[in-house]
Amino acid sequence: MSSTWLITGATSGFGRLVAERALAGGAHVIAVGRRRDRLAELAELAELAELAELAESAPHGQVTPVALDLTAPDAQDVLAEAVRSAGGLDVLVNNAGYGLFGAVEQVDADAARAIFDTNVLANLTVLRATLPALRAARGRILQTSSLIGQFAWPSSGLYSASKGAVELISEALAHELAPTGVKVTIIEPGTYATEFSTSLQVVAPNDVYLPTVGQFLTDFAALPPQAFGDPDTVADTIMAVAELDEPPLRLAVGADAVEHIRASLRSRLAELDRWEHFPRVPAGEPA
C-alpha cells in the first residue's frame with residue numbers, strides 16, 4: 001500500500017485501529033489527534049514495525065503525527081501543510097468527533113455549539129484542507145457517521161443532528177466531486193465497544209424527561225457486553241471500502257445499524273405514503 005492517508009481522531013477508537021492497519025499495509029499515515037502521548041505511541045509502533053520488517057525487506061509504514069485541535073483557527077493551514085509535506089494525499093478518514101446525550105431542551109447553547117464545532121465545522125475544516133490533494137490523486141473520502149445519523153433516539157437529538165449534518169454534507173460532496181473521480185463513503189457504525197463512552201457527555205434528565213430520556217439512558221446503560229460489536233469489524237470495513245472501485249455512498253456497519261436504519265426508513269416511507277395528499281380537499285370542493 002504505497003499511499004498516503006490522513007486520519008483524524010487517530011489516537012483512539014476506530015481511528016487508531018484504521019491507522020494501525022494502514023501502517024501495516026505500508027502507508028504513510030498523517031495521524032491527527034489532540035493527545036500527544038497517543039500520537040507518540042503510534043509513531044513508536046511504526047518505528048518498531050520498520051525495524052522488524054527491514055530484516056525481511058518488507059514494506060513498512062510511516063507516521064507523521066499532528067497534534068491538533070481541529071477547532072483551532074489555524075487547523076486548516078496546519079493540515080494543508082502536513083499534506084503538502086507528505087507530497088499529496090490518497091485517502092482521508094474524517095473520523096474525529098464525540099458524543100453528547102441529553103434532552104434537546106436541556107442541552108445548553110454552549111454544549112450545542114461545541115458539538116457542532118467539533119463534529120460538523122471541524123469536519124469541513126479537514127475537507128477544505130485536503131480536497132485539492134485528494135482531487136489531484138482521484139482519492140477516497142471516508143466520513144464517519146453513526147447509525148443515529150439516520151434517525152434519533154430520545155437523548156441523542158444534538159448528536160444525531162451533528163451526524164445528520166455530516167451525512168447530508170457528504171451526500172452533496174459526493175455529487176459535486178463525481179466528475180473529479182474522488183469517491184465519498186459515509187460509514188454508519190452501530191454500537192461498538194470503543195473508547196467513545198469515555199468522551200461521551202451526558203446531561204442528566206430532569207423530572208419532565210425521566211420517562212423518555214431517563215428510561216432510554218437507563219436501558220442503554222444496562223445493555224450486556226455482547227450487545228457491543230468488535231470495533232475491528234469497522235476498521236476492517238473502512239480498509240476494504242477504501243479499495244473499492246465503486247464504493248457505496250452509505251454503508252451501515254453492524255447488524256444493529258442495518259436493523260435500526262431499515263426500520264427508520266420503513267417508518268418514514270409509511271408516514272410519507274399516509275400523508276402525501278395532505279391537506280386533503282374537503283368533500284364537495286373541486287380538486
Side-chain angles (χ1 to χ4, degrees), residues 1-36 38-68 70 75 78-97 123 126-127 129-144 170 177 180-187 189 194 231-248 251 253:
M1 182 188 297
S2 56
S3 57
T4 300
W5 291 49
L6 189 148
I7 303 170
T8 65
T11 56
S12 63
F14 300 136
R16 174 61 180 261
L17 293 173
V18 172
E20 291 174 355
R21 283 159 172 73
L23 284 170
H28 177 186
V29 174
I30 303 171
V32 183
R34 296 190 186 199
R35 293 191 54 178
R36 294 179 182 274
R38 292 285 185 90
L39 291 171
E41 289 172 6
L42 193 60
E44 183 178 357
L45 180 67
E47 292 172 5
L48 291 174
E50 178 179 354
L51 291 173
E53 291 165 354
L54 279 175
E56 303 175 6
S57 298
H60 55 272
Q62 172 189 352
V63 171
T64 296
V66 179
L68 182 65
L70 291 173
V78 171
L79 293 173
E81 179 56 35
V83 171
R84 280 193 293 271
S85 297
L89 186 65
D90 300 288
V91 181
L92 167 64
V93 182
N94 211 354
N95 169 73
N123 187 287
V126 176
L127 290 171
T130 58
L131 277 170
L134 289 165
R135 283 196 300 271
R138 299 174 66 88
R140 304 301 174 89
I141 298 172
L142 295 111
Q143 297 270 75
T144 302
S170 302
L177 290 174
T180 72
V182 177
K183 307 291 186 182
V184 180
T185 296
I186 306 160
I187 303 295
T194 69
D232 284 326
T233 302
V234 179
D236 290 340
T237 298
I238 289 173
M239 299 303 296
V241 169
E243 297 294 325
L244 293 178
D245 291 334
E246 295 297 332
L251 185 60
V253 186

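In this chain, residues are counted from 1 in sequence order.
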### Summary
d(D232 CG, T237 OG1) to nearest 0.5 Å is 10.5 Å

### Query
Once you round to the nearest 0.5 Å, how far does OG1 of T180 lie from CG of L134?
9.0 Å

### Query
If you take all heavy atoms of A96 and L70, which pair is closest and at what distance?
CB-CD1, 3.7 Å

### Query
Sub-3.5 Å donor-acceptor pair from the side chain of D90 to the main-chain atoms of G139, do we have one?
no

## Note on the structure
Contacts of R35 meeting salt bridge (Lys or Arg N to Asp or Glu O under 4.0 Å) (sequence neighbours excluded), chain-then-number -> D37

Please list, one pair per line, the donor and acceptor atoms closer than 3.5 Å that link side chains of residues 9-17 to other protein atoms, with sequence neighbours excluded.
from, atom 1, to, atom 2, distance (Å)
R16, NE, E20, OE2, 2.9

### Task
Mind checking the CG-CD1 spacing from N94 to I7? Nearest 0.5 Å is all I need.
11.0 Å

#### Entry: Of N123, I187, T185, the residue whose pairing with Q143 passes side chain to side chain contact (heavy atoms under 4.5 Å, CB included)
N123

### Query
Looking only at heavy atoms, which two atoms of R140 and D245 are closest? And how far apart?
NH2-CA, 3.8 Å

### Task
Taking all non-hydrogen atoms of both residues into account, name the closest pair between G33 and L39 and its distance.
O-CD1, 3.7 Å

### Message
If you compare all heavy atoms of H28 against all heavy atoms of T64, which two are closest, and at what distance to 0.1 Å?
### Response
NE2-OG1, 2.7 Å

### Summary
Of all heavy-atom pairs linking A19 and L42, the shortest is CB-CD2, 3.9 Å

### Task
Over all heavy atoms of both residues, which pair between A82 and I30 is shortest? Give the atoms and the distance, please.
O-CD1, 3.8 Å

### Task
Taking the side chain as every heavy atom from C-beta outward, state whether L131 and I141 have any pair of such atoms under 4.5 Å apart.
yes

#### Entry: Test side chain to side chain contact (heavy atoms under 4.5 Å, CB included) applied to L79 and L89, V32, T8, the passing residue
V32

### Query
What is the distance from atom CZ of R21 to atom CH2 of W5, rounded to the nearest 0.5 Å?
10.5 Å

#### Entry: Note, R138 side chain near K183 side chain (heavy atom, < 4.5 Å)
no

### Message
Could you work out, with salt bridge (Lys or Arg N to Asp or Glu O under 4.0 Å) as the rule, every residue matching R135, not counting sequence neighbours?
### Response
none

